[in-house]
Amino acid sequence: MSSIRLRFAPAPTGSLHLGSARTALFNWLVARGSGGELILRVEDTNAELSKPELIDNIYRSLDWLEIDFDGEPVRQSQRADLYDDAVEQWISAGVAYEDEGAIRFRVPQDGTTSWDDQIRGAVVFENQHIEDFVVRRADGTATFFTANAVDDLDLGITHVVRGEDLVNVTPKVILLREALGESAPLKFAHLPLIINEQRKKLSKRRDDVALEAYRERGILPTAMVNYLALLGWGPKDDVEVRPISEIIEMFDIADVNPSAAMFDVKKLEAINGEYIRALSPEEFGKSIAPWLEEEDWAGNVDDEVLRQVAPLVQERTRVLAEAPKQLDFFFWDNQEMDSDAWQKVMLKDSARSILEAARSVLADVEWNVEALHEAVRKIAESHELKLGKAQAPIRVAITGRTVGPPLFESMYFLGREVVVERLGNALQKLVEAQR
RNA sequence: GCCCCCAUCGUCUAGCGGCCUAGGACACCGGCCUUUCACGCCGGCAGCACGGGUUCGAAUCCCGUUGGGGGUGCCA
């Protein structure tokens, strides 16, 4: 058995929570950085919690983050006998007693229970403030405290890394372990909470706490892990975005900041953007595929065109879910026109004249990016406009929007026929509107 | 109410007694680049909650105040 053993012990209450993911990550960092072992222990002492789909979600999420475990997962729902034995042991030792069918642990009325937290230092509770707590429910099932203490002992856990919201249960678990004759005290590290803008613990009701929600929006797992590592911890050399292998090497649980950390989606997305830009074109193409498939123009996507056009949007993408709207005009059947965009540029005096000039010049200009660029540049010149201004109506006519990938590259890949047709359509719409 | 924890720019952090007129990142604001938007680059704004100690010297150590948070289930 390895000298360092940790466990990640989620209760399968739904989709994996961001805070749980961070706890899993920090446990994993300690294990992988120390040559220790990490066990996955599912805390499904409560019957409703052992639903297969809930447990699957945990596996899927952890797998997505590439947080791996040693050995098979342990299910508390299958270890009732062990908990029973412990409770019987406490009863016969006189430290637990029956109360309305449940069994309570008798907490000493004097003295203190304390531990040296790796993140917070000494934490001390006076025993008189700890109430006698239930270790076995009237229905015969073990409570969290019992399962926790028994399993940590039985599995040879040496280090417990968990959220700060569990600080107050720690003295109870320590008492239970002592009553079981523990051979060595656990090393505890209570992680700071992840909080929202209101500086409150992330809540399921009002915050996006499901890890899956971020996956669905197109956050890369590597970016998520990197960002999560930065919540409560920071590298001493100030390089925040870096491979997980380096983080494993630099990470030390004792360096973790004890104060709560706000979850900042903007920063997550900024980091995600960096990871997206660092992808190879092939990887990027594969990454956005699931999002493109959901579009109604998905059937029109030409893989070769997509391959050439994807790099144009890669550096403009912060979350993968944004990719379709940057690429749609390459593939749609019925062109959509953003009305704000139309209002903004097509109502200008020069718009009609620019579109007319573009339609006629582009009808037989040489079809390459440089020539297209030059052609539009000349139109701009003749209208005494900067290229940036002059290309606006052309962009809107062709892409339906005021912003998007570089225009001349886009026109080039779209092809002469489509470009001229869209310019014509826009012109017609403009003329009709002016009548 | 009681118990426990926390306190460096708006946010995440570096700092673990002198290297700090406090560094980085995100956000924000200027500028450059430029075919839009981005990217990139340059610059700016902005912080040690307060009060006492300890010390030659405190963001760093101690105490208090204030403020915030967590817990207080036969949930986990």
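Because only heavy atoms are used, hydrogens play no part in the values below, and waters and symmetry mates are left out as well, while side chains stay in. Chain naming here is simple, since letters A, B, ... match the order of the sequence lines and numbering starts at 1 in each. Keep in mind it's a predicted model, so treat the numbers as computed, not measured.
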Distance, C1' atom - from B/G23 to B/A14, rounded to whole angstrom: 6 Å
With respect to the phosphate group of B/U8, does any side-chain polar atom (N or O) of A/N257 fall under 4.0 Å of OP1 or OP2? no
Go through residues 341-356 of chain A and report each residue with a non-hydrogen atom lying under 4.0 Å from RNA chain B, sorted by number. none
Please say which of A/W233, A/F251, A/F8 ends up in a ring pair (Phe, Tyr, Trp, His ring centres under 6.0 Å) with A/F26. A/F251
Rounding to the closest angstrom, what is the interatomic distance between B/G30 and B/A46 at atom C1'? 15 Å
Separation of B/A76 P from A/N168 CG (nearest whole Å): 14 Å
Below 4.0 Å: OP1/OP2 of B/A76 and any side-chain N or O of A/R137: yes
Hey, can you tell me if A/W90 and A/F105 have their rings parallel, tilted or perpendicular (30° and 60° cut-offs)? perpendicular
Within a strict 4.5 Å, meaning less than it, do heavy atoms of the A/V313 and A/E322 side chains meet? no
Are A/K236 and B/U13 close enough that a side-chain N or O sits under 4.0 Å from OP1 or OP2? no
Take atom C1' in B/G47 and the same atom in B/A7, then report the distance between them in whole Å. 12 Å
I want to check one thing: is the phosphate of B/G69, taken as OP1 and OP2, less than 4.0 Å away from some side-chain N or O of A/K200? yes
So, is A/R318 near the phosphate of B/A27, with a side-chain N or O under 4.0 Å from OP1 or OP2? yes
Identified ring pair (Phe, Tyr, Trp, His ring centres under 6.0 Å) counterpart of A/W297 within the set A/W332, A/F330, A/F331: A/F331
Here the distance between atom C1' of B/U36 and atom CG of A/D340, to the nearest Å, is 16 Å
Using atom CZ of A/R120 as one end and atom P of B/G71 as the other, report the distance to the nearest whole Å. 13 Å
Establish, with yes or no, whether the OP1 or OP2 oxygen of B/C2 is under 4.0 angstrom from a side-chain nitrogen or oxygen of A/H129. no
Check every atom of B/C74, B/C26, B/A7 against the side chain of A/E100 and return the nucleotide holding the closest atom. B/C74
With a 4.0 Å cutoff (strictly under), does any side-chain N or O of A/R104 reach OP1 or OP2 of B/C74? yes
Answer for the Watson-Crick or wobble partner of B/C26, both distances under 3.5 Å, is B/G10
Is A/K172 salt-bridged to A/E131, going by a charged N under 4.0 Å from an acidic O? yes
Proximal nucleotide (of B/A76, B/C5, B/U11) relative to the A/F145 side chain: B/A76
At under 4.0 Å, does any side-chain N or O of A/R277 touch on OP1 or OP2 of B/G40? yes
Ranking B/U35, B/C37, B/A76 by distance to the side chain of A/E409, first place goes to B/U35
Atom CZ of A/F105 to atom C1' of B/C74: distance rounded to whole Å? 17 Å
Record whether the side chain of A/K266 comes under 3.5 Å of the base of B/A27 through a donor-acceptor pair of N or O atoms. no
Applying a 3.5 Å limit to both distances, which nucleotide forms a Watson-Crick or G-U wobble pair with B/C41? B/G31
Would A/R60 and A/E212 pass as an ion pair if we require N to O under 4.0 Å? yes
Between A/G121 and A/A102, whichever has its closest RNA chain B nucleotide further toward 5' is A/G121
Measure from NE2 on A/H190 to P on B/C3 and round the result to the nearest Å. 19 Å
Ignoring backbone atoms, test whether A/T45 places a side-chain nitrogen or oxygen under 4.0 Å from the OP1 or OP2 oxygen of B/A76. yes
Would you call the rings of A/W115 and A/F125 parallel, tilted or perpendicular, taking 30° and 60° as the class edges? parallel
OP1, OP2 of B/G24 versus side-chain N and O of A/R242: anything below 4.0 Å? no
Would you mind reading off the distance between A/I271 atom CD1 and B/A27 atom C1', rounded to a whole angstrom? 13 Å
Looking only at atom P, what distance separates B/C26 and B/U21, rounded to whole Å? 26 Å
In this structure, how many angstroms lie between the P atom of B/U11 and the OH atom of A/Y227, rounded? 12 Å
Which listed nucleotide (B/U36, B/C74, B/G70) is nearest to the side chain of A/V403? B/U36
Please give, in whole Å, the distance from B/U35 P to A/E381 CD? 13 Å
